[in-house]
Amino acid sequence: MASSSYLVFLSFFLFLTISQAQAKAFQPKALLLPVTKDSSLLQYTTQIKQRTPLVPIKLTIDVGGRFMWVDCEKGYVSSSYRPVPCDSKICKISRSGACLVMCPAPPRPGCNNNTCYHLLYNPLTDTINSGVMAADAVLVQSTDGRSAGPLVSVPGLFFACGTHSLLKGLSNGAKGIAGLGRSLVSLPSLFASAFKFQRIFAMCLSSSSQSNGVIIFGDGPYEFQFKKEISSSLMYTPLILNPKATAGKYSEDPSTDYFIRLTSIKINGQAVQLNDSLLNIDKEGNGGTKISTVNPYTMMERSIFKAVLKVFMEETKGMTRVASVKPFEYCISSKNLGSTRVGPPVPAIDLGLHNESVSWRIFGMNSMVQVKDDVLCLGFVDGGFNPRTSVVIGGHQLEDNLLQFDLVKRRLGFSSSLLFMQTTCANFNFTSSV
Ligand SMILES: *[C@@H]1O[C@H](CO)[C@@H](O)[C@H](O)[C@H]1NC(C)=O
Ligand SMILES: *[C@@H]1O[C@H](CO)[C@@H](O)[C@H](O)[C@H]1NC(C)=O
Ligand SMILES: *[C@@H]1O[C@H](CO)[C@@H](O)[C@H](O)[C@H]1NC(C)=O
Ligand SMILES: *[C@@H]1O[C@H](CO)[C@@H](O)[C@H](O)[C@H]1NC(C)=O
């Protein structure tokens, strides 16, 4: 009798020790989220498991977004939901600037007294609405950078709780925005602090809506089939801080968008005449060049757009121009044009960056858009006069390029087209090793 209960105690103790040891031992070095292209609305979405019980939440990706926000008004059920009080450290870090002292309704997710207040931004409709900070459980897949690893949980991942009406314009079924921006409360920052890895993430958008691209939170390796390791062949350019907000125009805070220093554009080696003052960011935060996942195509201030178009037309004189197809201005016939490994054989466009030796080369795959059979258009759009940001590098130009955002070293690593390395963003191995 005595000995058997001793045994039970012992094995229970052993079990506890082992599971604690395992929980301690498994510290993921990186996490991953799959990225799906919505080819009708031209958005990139992901799915994250949140709440108790866990439910998959579809979110549109905003690479410059301050934080993750979701609709808490409709269908939010969770026993692990926690409001974030106004006087908390995370509220201060999030640069809230306001407190929801009293919510005039029965308590529910998104409505509690004394909660950290924010204005939430929908970049697709350019609208803002009020919200509050909260925390809830999240389950996410770890990775070693080569394939998927064990699922890991974050018991209280901070996010913002918004209204149902703010979802307008998002991909069908999306419940909010996955913000990856330059802030201390974006997903890359929160995941890094939850698992004590560096504030670095890589984003690789697939050009196909049939097979997923990937975001890897954490440092490399970033391996794509078949055995192509990309982190060792990146070029780097500094990430520039824009001192003024570029989303929602509501605050005096620095922008959470990722800006880079574009200094020149060459097409087939021919320099495009550009107005330098538009390429710099002024004191009010106007101008400069940023990276966006919510603009499907690169948008350029009108004088830049016209100048690029002029040189591109000169360099493609031998090709057959056809009627333009909105939203594009310059289209050519692709009949008898042939193709290369990196897309249609059009002149390469080089974005010259912070110094002469660093440029981002854009090949046909990323410069041209197939709008119908036999018609290709230059995939840049006119941003009009006086846009907030002079050049916004959009999704089509980012596809099948790996970008690494390093918030510690404040630099962007970029691969140019992965097709040159005979792989694509859809070639990450999502098969779990466990
Ligand atoms: C907020 O506080 C007021 C006054 O104490 C109370 O009547 C109300 O029910 C509270 N609301 C919530 C959402 O907790
Ligand atoms: C360059 O752009 C700035 C800012 O928009 C404008 O004030 C200036 O007139 C432009 N210069 C030229 C030569 O077009
Ligand atoms: C250009 O920038 C790269 C990356 O920051 C650096 O390694 C290189 O030394 C720079 N070249 C010159 C000529 O300044
Ligand atoms: C994908 O990863 C799994 C798990 O690590 C591995 O068993 C499989 O061989 C990998 N597939 C390829 C094609 O490399």
Side-chain angles (χ1 to χ4, degrees), residues 72-73 76-78 81-88 91 98-117 130-135 160-163 200 220 231-242 244 246 258-266 271-290 299-311 350-361 382-392 402-416:
C72 291
E73 235 173 23
Y76 199 114
V77 179
S78 175
Y81 177 91
R82 299 285 175 269
V84 167
C86 298
D87 60 358
S88 60
C91 184
C99 180
L100 178 67
V101 177
M102 207 185 95
C103 185
R108 60 162 179 81
C111 179
N112 295 92
N113 288 339
N114 176 33
T115 45
C116 183
Y117 181 83
S130 50
V132 289
M133 268 197 108
C161 239
T163 53
I200 298 176
S231 69
S232 53
S233 49
L234 299 175
M235 280 177 291
Y236 297 98
T237 193
L239 288 169
I240 311 296
L241 182 69
N242 184 329
K244 292 285 161 68
T246 43
Y258 295 101
F259 280 80
I260 56 175
R261 186 166 288 136
L262 175 69
T263 57
S264 69
I265 301 177
K266 284 183 181 162
V272 176
Q273 294 302 315
L274 300 174
N275 178 345
D276 280 343
S277 69
L278 292 169
L279 298 180
N280 297 321
I281 300 170
D282 72 14
K283 286 198 298 287
E284 278 73 53
N286 298 309
T289 300
K290 72 172 184 180
M299 198 168 81
M300 294 171 162
E301 182 276 337
R302 182 157 300 162
S303 72
I304 301 175
F305 177 75
K306 297 285 181 206
V308 165
L309 207 63
K310 181 163 167 273
V311 177
D350 289 315
L351 305 181
L353 298 172
H354 65 289
N355 77 29
E356 291 275 315
S357 56
V358 180
S359 67
W360 177 342
R361 181 158 278 197
D382 182 354
F385 288 118
N386 301 317
R388 178 69 166 156
T389 300
S390 300
V391 178
V392 180
L402 184 136
L403 300 182
Q404 184 195 49
F405 299 83
D406 186 332
L407 287 81
V408 183
K409 295 198 177 113
R410 297 193 180 125
R411 64 179 190 178
L412 174 77
F414 58 99
S415 65
S416 192

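Keep in mind that what you see is a predicted model, and the values were worked out from it rather than measured. One-based numbering, in listed order, for ligands and for the atoms of each.
When heavy-atom distances to ligand 1 are checked against a 4.0 Å cut-off, Ala105 comes that close only through its backbone atoms N, CA, C and O.
In this structure, ligand 2 sits under 4.0 Å from heavy atoms belonging to Asn275, Ser277, Leu278.
Counting only heavy atoms from C-beta outward, the side chains of Val308 and Met300 approach each other to under 4.5 Å. Side-chain contact between Leu353 and Ser359 is absent, with no heavy-atom pair separated by less than 4.5 Å. You'll find the side chain of Glu301 stays beyond 4.5 Å of the side chain of Val392, heavy atoms only.
The atoms of ligand 3 that sit less than 4.0 Å from any heavy atom of Val358 are 1 (C), 2 (O), 3 (C). Near Ser357, with a cut-off below 4.0 Å to any heavy atom, the atoms of ligand 3 are 1 (C), 11 (N). Applying the 4.0 Å criterion to heavy atoms of Cys111 picks out, from ligand 1, the atoms 13 (C). Under a 4.0 Å criterion applied to the non-hydrogen atoms of Cys103, ligand 1 contributes the atoms 11 (N), 13 (C).
Atom CZ of Arg361 has 12 or fewer heavy atoms from other residues, nucleotides or ligands within 6.0 Å. Shown here is Arg261, whose CZ atom has no more than 12 heavy atoms of other residues, nucleotides or ligands within 6.0 Å. A 6.0 Å sphere centred on NZ of Lys266 holds no more than 12 heavy atoms belonging to other residues, nucleotides or ligands.
At least one heavy atom of His354 sits less than 4.0 Å from an atom of ligand 3.
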Would you list the atom pairs, donor with acceptor, under 3.5 Å between side chains in residues 103-117 and any protein atom, with sequence neighbours excluded?
{"unit_1": "Asn113", "atom_1": "OD1", "unit_2": "Cys103", "atom_2": "N", "d": "2.8"}
{"unit_1": "Asn114", "atom_1": "OD1", "unit_2": "Cys86", "atom_2": "N", "d": "3.4"}
{"unit_1": "Thr115", "atom_1": "OG1", "unit_2": "Asn112", "atom_2": "O", "d": "3.2"}

Assess the residue pair Ser390 and Ile304 against the criterion (side-chain contact (heavy atoms from CB on, under 4.5 Å)); give the C-alpha distance rounded to whole Å, side-chain angles, the decisive distance to 0.1 Å, and a yes or no. CA-CA 8 Å; Ser390 300; Ile304 301 175; 4.1 Å; yes
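Ring geometry for Tyr76 against Tyr81 counts as perpendicular: the plane angle is over 60°, on a 0 to 90° scale with 30° as the lower cut.
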